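Below is one structure, written out as structure tokens, with a few remarks after it.
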Amino acid sequence: MNLLLTTLAEMPVPRDLPLPLPLPATLLKVLLVLFFLVHILFVNLTVGASLLVTIFEFMGRKPGRERYDDLALAFAKTVTVNKSLAVVMGIGPLLCINLVYTLQWYGANALTGHAWLLIIPLVTTAFLLTYLHKYQWESWRHGRRKILHLATGAAATLLFLCIPFIFLANANLMLFPGEWEKVIGFFSALQVGNVLPRYLHFLLASVALSSLFGAWWFWREDAPVPGFTREQLRRTFYGVAAAATACQFLAGPLLLLTLPGIGITGRLYAIIIPSAALGLLTLLLLLKKWHGPDSELGREHGLIWILFSVVVLGMGSGRHAYREAALATQTAAIAERSAAYEKALADFNESHHEQAIPTESPEQLFATCGACHAPDHRLVGPPLQEIARIYANNPAGIVAWAKAPGKKRPDYPQMPPFAHLGDDKLRLIADYLLATAPK
Amino acid sequence: MDFPSYYLDHLAGGRLIIGIIACIHVLINHPLAVGAYPLLTYMEWWAHRHGRKDLDELARKITFVVFIVTTTAGAMTGVGIWLSTSVFAPFGIGSLLRVFFFGWFAEWLVFISEVVLIMAWFLTWKKADTPEKKRKHIRLGIILSVMSWLTMALIVAVLGFMMSPGDWNQTRAFVDAMTAPLYLPQLAFRTAFALMTGALFVWFATFFFTKGKDNPTRTWVVARLSHVTMTSLIFLLMFGIWYWLRIPQEMKANSAVALLSQDFAQWHSKFLTLLGWTAGVFCVIALGGMTAPRLIPRWALLIPTFLGIWLLSHFERAREFMRKPWVIGNYLYSNGIRKDEVAFLQHEGILKYATYVKYRTVTSDNKIEAGRDVFMLACSRCHSTTGLNGVVEKFTRMYGPDEWNAAAMKGFLGSMHQTSTFMPPFPGNDAEKDALVAFLLETRTTRTPVSGAQSEGISLPETLTR
């Protein structure tokens, strides 16, 4: 019990919104993981491919290697489509995470607020640069303009490489509410948990998936790139995908080892280890294709995608298992505190229900006037003494004025209308005013 | 609200940012998506039917502009509304999402189809080189037009609901929220606005892609689109009146203030005059296009464009203001306090149950700091301290430049929802009123800006578990 109290003392336990979830929480969490994976697939294809495009275009600069420039252009054409899908597919997981992790997610958003809002101009700029890069390819092909073109592409890629940090910082920060008190802004949020290993993991996945996508995209009969056979392209992309996947076997353990202990459970290992084993199988298959004869390249492409998808699903589920475990204590405390609050509120409203009904006394009603009218000196409006003199024996005049005040005094602000109080209450107020104002 | 407070002291707490993002989004969405798609599809269809290659080429070029703008700034400001409301009003967006999940979910699906369709429509335009393929391509444009209108129709349901929840308060059912009384007039008004400004946009863009006054392509566009502008204008006025008549009475009492902020409430009639001018200019341009298309120069179209921007921004602002003091009518106030909580919090104190505050009770030692927390919880979602819509300025207007009367200020806090019907009731106890007044008096002298959780972090009460 003592331990629990100590933990809670460092962790905010906010009250949840009292409205029920529109779907069962478990279903929303399943949807969150699935929608997120679709979203991140297109994010990977955007970030990874724009990085590869920049590299290919750079390689294509030298005379005799122009075919890499053509490859870069052909690949760039997929980025402008995938980036739009990345945005639109991001709404679904956002809906789900807002619902099931309302307090943690919005809390993290607020703590990294400036960076969080910067997403809008940064992504817009990155997108516009991507279009400029794609549509100016021909007209900026030679001389100095080519340098400008390369720079445009590199700038877009750089933005695409930086923006994920903001999302990662939020997805990471929400897991550790116990650390929130130490966080002051976006950059300090990067120091919570293990953002950097997560980023590395994400980046390698982006390169691997984009390469796998390239291996599929350039294999189609109607999409030849001059200077390359489709076998050459598929082999190259398989090679890059294999290299990135091999690196994951360093990045993955690093990520796992640097995770704060709070969410590490047997369940996490039970999900992660089989997925990693399957990842190894995928890697071996990629290497076999990369090494093997041309005749083998056409086969088993679908199998690689299936294996990859299962690995990704496993990693996504592992992430979720960690999140659930890391937030378990806080979630329970939140449920308890929210229920206690709603109970206290309901009890109060129940017991005060009868007392709230009786009509307010003229004195209570009159308090509304006191904010602007003092007995014997000017406050916002004229003193009550003066009003009582003007409306002596004329309470109906006060009522009429209060319902639709005019503007009589040039140096006073106009009084707001009080018609919403109703004639009866206004009359009570007027009578009270005339009876109590200093003579 | 029980969330860390993102807060910008100079920008009315920052709520202005949601407004700017939302206005940009609407100003892209209405003319360029909802309005322009059907018009461009119509151009493509006409070109196909009458063998007008020039019109087809023009429609494609304008679609390129639409494609670039909607898939960058258009899409990102749409997402931006989510991102910004989640930091400024998490209680509001969080609650709305729980009620409106299926609406938003459906909107998401339609949005996916809209994005896929605009990409497919634009990127396959040149490839549609046979009559058969062209017919299919035109069909894509029609579906896209329907989908983009549907996205708007779903979102307007949410907006209409926020202003006037209809039967939802009793039944808490999604269908009731969708059939709230302001839904249809608002949707009709926006549809007419989208077509009117969409026509003007296509017309304006035509000037950049065609040369010469007697250019047959240009003449075709001006003649047709001026008729569209005129027809939509008539509908816009009709639907505008319908909408106005449906706004519930209690909101109307606020609307003179809503239209031009409190200071200029008396300018209400002037606003109506200016509204008349906007309609008038659109009318003149449309009539000019119908009768003497050659005489309308390019720059002349900028006048209705700016007036259109101005009109819609004001419409959105008035709509947002008129719902005050509510975020969800009769359920949730703009500061995140629910209606049923007010009496309880006035009795118990707002700090007692708050999470992201330094003190849970007001003492003579912590009065100013506790007052700052009360400000953050009760006022900061709409007001700044000394910046835009600042509380110090508001009190100065009431109590003048000399010494302020603390007792009168406290009295005002207790009855501000009576004197200013757009204000929520003060959601705290007596000691918290004193603390807030102390904080305001202090801030008035020091003018130290208040920082939000994003710049100075959060502080939790020491007695959290005791």
Side-chain angles (χ1 to χ4, degrees), chain A residues 5 8-9 12-15 17 19-23 81 84-85 87-92 94-95 98-99 102-103 106-107 109-114 116-117 119-120 123-124 127-128 131 180-185 341 345 348-349 352 356 367-368 370-372 374 379-380 413 416 418 420-421, chain B residues 2-6 17 21 68 71-73 75-77 79-80 82-84 86-87 90-91 94-95 97-99 101-102 104-105 108 111-112 115 119 253 340-341 343-344 347 353 355-356 397-399 405 408 411-412 414-415 418-421 452-460 464-465:
Chain A
L5 282 184
L8 286 181
V13 182
R15 288 171 284 120
L17 302 173
L19 293 167
L21 289 176
L23 288 173
V81 172
S84 280
L85 293 172
V87 169
V88 71
M89 298 318 287
I91 306 283
L94 193 63
L95 288 178
N98 286 354
L99 283 170
T102 311
L103 300 169
Y106 288 144
N109 295 167
L111 290 172
T112 61
H114 291 330
W116 182 247
L117 289 180
I119 290 173
I120 307 156
V123 175
T124 309
F127 284 7
L128 286 169
Y131 279 132
W180 284 10
E181 242 188 314
K182 297 176 201 157
V183 173
I184 294 171
Y341 177 78
L345 173 63
F348 175 88
N349 283 340
H352 285 68
T368 306
C372 296
L379 197 57
V380 178
F418 285 86
H420 55 275
L421 289 179
Chain B
D2 219 15
F3 295 90
S5 302
Y6 179 81
I17 289 182
I21 294 173
I68 296 288
T71 58
T72 56
M76 283 316 295
T77 46
V79 176
W82 283 104
L83 302 188
S84 57
S86 56
V87 290
F91 51 87
S95 301
L97 201 61
R98 289 182 188 207
V99 180
F101 175 74
F102 294 103
W104 261 314
F105 190 77
W108 178 46
F111 181 42
I112 295 174
V115 169
M119 291 195 295
D340 67 341
E341 285 178 307
F344 179 63
H347 187 264
Y353 291 98
T355 306
Y356 300 100
R397 197 178 302 152
M398 282 173 62
Y399 298 121
N405 181 330
F412 171 78
S415 62
Q418 301 282 13
T419 50
S420 318
T421 44
Q454 80 282 3
S455 351
E456 60 165 38
I458 51 166
S459 43
L460 302 174
L464 196 63
T465 53

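Here is how names work: the chains are called A, B, and so on, in the same order as the sequence lines, proteins then strands, and each is numbered from 1. Keep in mind it's a predicted model, so treat the numbers as computed, not measured.
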remark   = Per-residue tally against chain B (heavy atom, under 4.5 Å) across A:G107, A:S84, A:A374 peaks at A:S84

message = Quick one: does any side-chain atom of B:R98 pair with a main-chain N or O of A:L19 as donor and acceptor, under 3.5 Å?
response = yes

inquiry  = If we ignore hydrogens and angles and just use 3.5 Å, is the side chain of A:W116 paired with the main-chain N or O of B:L83 as donor and acceptor?
reply    = yes

key: Aromatic plane relationship, A:F348 with B:H347 - under 30° parallel, 30 to 60° tilted, over 60° perpendicular   = tilted

ask   = Quick one: does A:R15's side chain have a donor or acceptor within less than 3.5 Å of a partner on B:Y353's backbone?
value = yes

query = At what distance, to the nearest 0.5 angstrom, does OG of B:S455 lie from CD1 of A:I184?
reply = 9.5 Å

B:W108 versus A:G92, closest heavy-atom pair with distance = CE2-N, 3.3 Å

request  = Output the distance between atom CZ (B:F102) and atom CG (A:L23), rounded to the nearest 0.5 Å.
outcome  = 4.0 Å

request  = Mind running side-chain hydrogen bond (donor to acceptor under 3.5 Å, both in side chains) on B:Y356 and A:E181 for me, showing each step along the way?
outcome  = CA-CA 10 Å; B:Y356 300 100; A:E181 242 188 314; over 6 Å; no

inquiry  = With a 6.0 Å cut-off on the ring centroids, do B:F344 and A:H352 count as close?
reply    = no

query = Quick one: does A:N98's side chain have a donor or acceptor within less than 3.5 Å of a partner on B:L97's backbone?
reply = no

request  = Tell me, for A:V81 versus chain B, whether the close heavy atoms (under 4.5 Å) come from the side chain, the backbone, both or neither.
outcome  = both

query = Any sub-3.5 Å donor-acceptor pair from A:W180's side-chain atoms to B:P4's backbone N or O?
reply = no

